[in-house]
Peer 1: 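Take this structure first; my questions come after.
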Amino acid sequence: MAGAILKRERVRDYLLELIETHPPGAPLPAERVLCQRLEVSRPTLRSAVDELVHNGMLVRQHGRGTFVAPAKITQEMVSDARSMTLPQAAGTWTSKVLEFATVAAGARVGRRLRISPAAEIFYVARQRFVDGSPMAIEYLHVPVSVAPRLSLADLESGDLYARLDEHGVRVHDAIQSVEPTVTNDHESTLLGVPVLSPALLFERLTNDDGGRPIEYVHSLYRGDRYRIVSRLALGPTATTSGTPTASAHHPGIPPGDLTARGPVRSATTGDIQ
């Protein structure tokens, strides 16, 4: 299973690299060309393409091929240092490492971590459990130069940031996005849900106290068990470090609805159902 996970991730990263470096409407190379280039079977390639089609990142047109989809609308959550607190989600969290390998970063991951594509990273796939039930799958990428002595035992313990702190790495801030998706065959098996079940896709880039990227991770959480809860301060006393604009809005609140009330402060937590 371990080798298969890494192969699927490499195919996915290659397709995402094409999506990020080509404009909407650009065609993907033919299936035969991609299979030869990536040295994978057609079922493996089609599985990755299917996932990105379901995620809305690729579009299939019958008789014409597969194309880069239109860009998604992005909304940043507005907050300040005081409001963005993250209490731990409910339940007892444990981890199971599915794969732990040292590999080259590649173009896409290297660009996010600001390292050479040839630089070595720790690639980790791990399953997360809450009270013994599968809750999420995480795919972590940590530059070897950040924590050369990072071990399998560190990752089995669950709290990666605590382990990095033991290695002298001080986590400072992160940028995280979340969007809806559905599970593929492999993910459904690991999470114990039917194929194409709703899920939440998180992507996070974490920096240390010197501004150096130390971790890039994407995670898949069960949509039937995990939800995002935001606490909003909407009154005139809400303040942020940024300057609000007339079009500023918070996810779920249409643009303009809060213009007269000033900036929005928010605190966001994860909640297990």
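Throughout, numbering of the chain's residues begins at 1 and tracks the sequence. These numbers come from the heavy atoms of this one structure, side chains and all, not from hydrogens, waters or symmetry mates.
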Peer 1: Considering only heavy atoms from C-beta outward, does the side chain of Ser133 approach that of Arg225 to under 4.5 Å?
Peer 2: yes

Peer 1: Look at atom CD of Glu39 and say whether more than 12 heavy atoms of other residues, nucleotides or ligands are closer to it than 6.0 Å.
Peer 2: no

Peer 1: Would you say the side chain of Glu215 lies within less than 4.5 Å of the side chain of Val146, judging by non-hydrogen atoms?
Peer 2: no

Peer 1: Quickly, which of Val103, Thr102, Leu140 forms a side chain to side chain contact (heavy atoms under 4.5 Å, CB included) with Ile121? Name it, please.
Peer 2: Val103

Peer 1: Just by distance, with hydrogens left out, do Arg108 and His141 show a side-chain donor and acceptor under 3.5 Å apart?
Peer 2: no

Peer 1: Do you know the tightest heavy-atom contact between Ala69 and Gly56?
Peer 2: CB-O, 3.2 Å

Peer 1: In terms of hydrophobic clusters joined by side-chain contacts under 4.5 Å, are Phe67 and Leu18 together?
Peer 2: no

Peer 1: Excluding sequence neighbours, so at least two apart, what forms side chain to side chain contact (heavy atoms under 4.5 Å, CB included) with Ser151?
Peer 2: Ala153, Asp154

Peer 1: Within the distance-only criterion (no hydrogens, no angle test), does the side chain of Glu9 pair as donor or acceptor with the backbone N or O of Tyr139 below 3.5 angstrom?
Peer 2: no

Peer 1: Which heavy atom in Arg114 sits nearest to a heavy atom in Pro213, and how many Å separate them?
Peer 2: NH2-CD, 3.3 Å

Peer 1: Nearest 0.5 Å please: distance from the CG atom of Leu190 over to the CG atom of Asp185.
Peer 2: 11.5 Å

Peer 1: Is it true that Phe129 and Phe202 fall in one hydrophobic cluster, defined by side-chain heavy atoms closer than 4.5 Å?
Peer 2: no

Peer 1: Please report the interatomic distance CG(Leu52) to OG1(Thr181), rounded to the nearest 0.5 Å.
Peer 2: 8.5 Å

Peer 1: Can you tell if the side chain of Thr206 reaches within under 4.5 Å of the side chain of Val217, non-hydrogen atoms only?
Peer 2: no

Peer 1: Do Arg163 and Glu166 have side chains that approach each other closer than 4.5 Å (heavy atoms only, starting at C-beta)?
Peer 2: yes

Peer 1: Side chain of Asp208, backbone of Arg170: donor and acceptor closer than 3.5 Å?
Peer 2: no

Peer 1: Looking only at non-hydrogen atoms, find the nearest pair between Ala48 and Val11 and report the distance.
Peer 2: CB-CG1, 3.6 Å

Peer 1: Would you say Arg60 and Val49 make side-chain contact, with heavy atoms under 4.5 Å?
Peer 2: yes

Peer 1: Once rounded to the nearest 0.5 Å, what's the spacing between atom CD of Glu51 and atom OG1 of Thr183?
Peer 2: 9.5 Å

Peer 1: Should the ring pair Tyr226 and Trp93 be called parallel, tilted or perpendicular, given that the plane angle runs from 0 to 90° and is split at 30 and 60?
Peer 2: perpendicular

Peer 1: If I take atom CG from residue Leu45 and atom CG from residue Asp50, how far apart are they, to the nearest 0.5 angstrom?
Peer 2: 9.0 Å

Peer 1: Anything under 3.5 Å between a donor and an acceptor, one on a side chain of residues 193-200, the other on a protein residue two or more places apart or in another chain? List them.
Peer 2:
from   : atom 1 : to     : atom 2 : distance (Å)
Ser197 : OG     : Pro194 : O      : 2.5

Peer 1: Enter the distance from Ile137:CD1 to Glu187:CD here, rounded to the nearest 0.5 Å.
Peer 2: 5.0 Å

Peer 1: What heavy-atom pair brings Leu34 and Pro29 nearest, and what distance separates the two atoms?
Peer 2: CD1-O, 3.6 Å

Peer 1: Should we count CD1 of Ile175 as having more than 12 external heavy atoms under 6.0 Å?
Peer 2: no

Peer 1: Mind listing the closest non-hydrogen atom pair of Leu155 and Arg126 along with its distance?
Peer 2: O-NH1, 2.9 Å

Peer 1: For residues 100-119, which residue pairs pass the ring-ring contact (aromatic ring centres under 6.0 Å, His included) check, not counting sequence neighbours?
Peer 2: Phe100-Phe122

Peer 1: Which heavy atom of Pro134 sits nearest a heavy atom of Gln127, and at what distance?
Peer 2: CB-NE2, 4.1 Å

Peer 1: Would you give the length of the straight line joining atom SG of Cys35 to atom CZ of Arg46, rounded to the nearest 0.5 angstrom?
Peer 2: 7.5 Å

Peer 1: Can you list the steps and then say if Met57 with Leu16 is a side-chain contact (heavy atoms from CB on, under 4.5 Å)?
Peer 2: CA-CA 9 Å; Met57 304 182 79; Leu16 287 172; 3.4 Å; yes

Peer 1: Within a strict 4.5 Å, meaning less than it, do heavy atoms of the Asn207 and Arg212 side chains meet?
Peer 2: no

Peer 1: Give the cluster check for Leu191 versus Val182: same hydrophobic cluster or not, with ILVMFWY residues linked at side-chain heavy-atom distances below 4.5 Å.
Peer 2: no

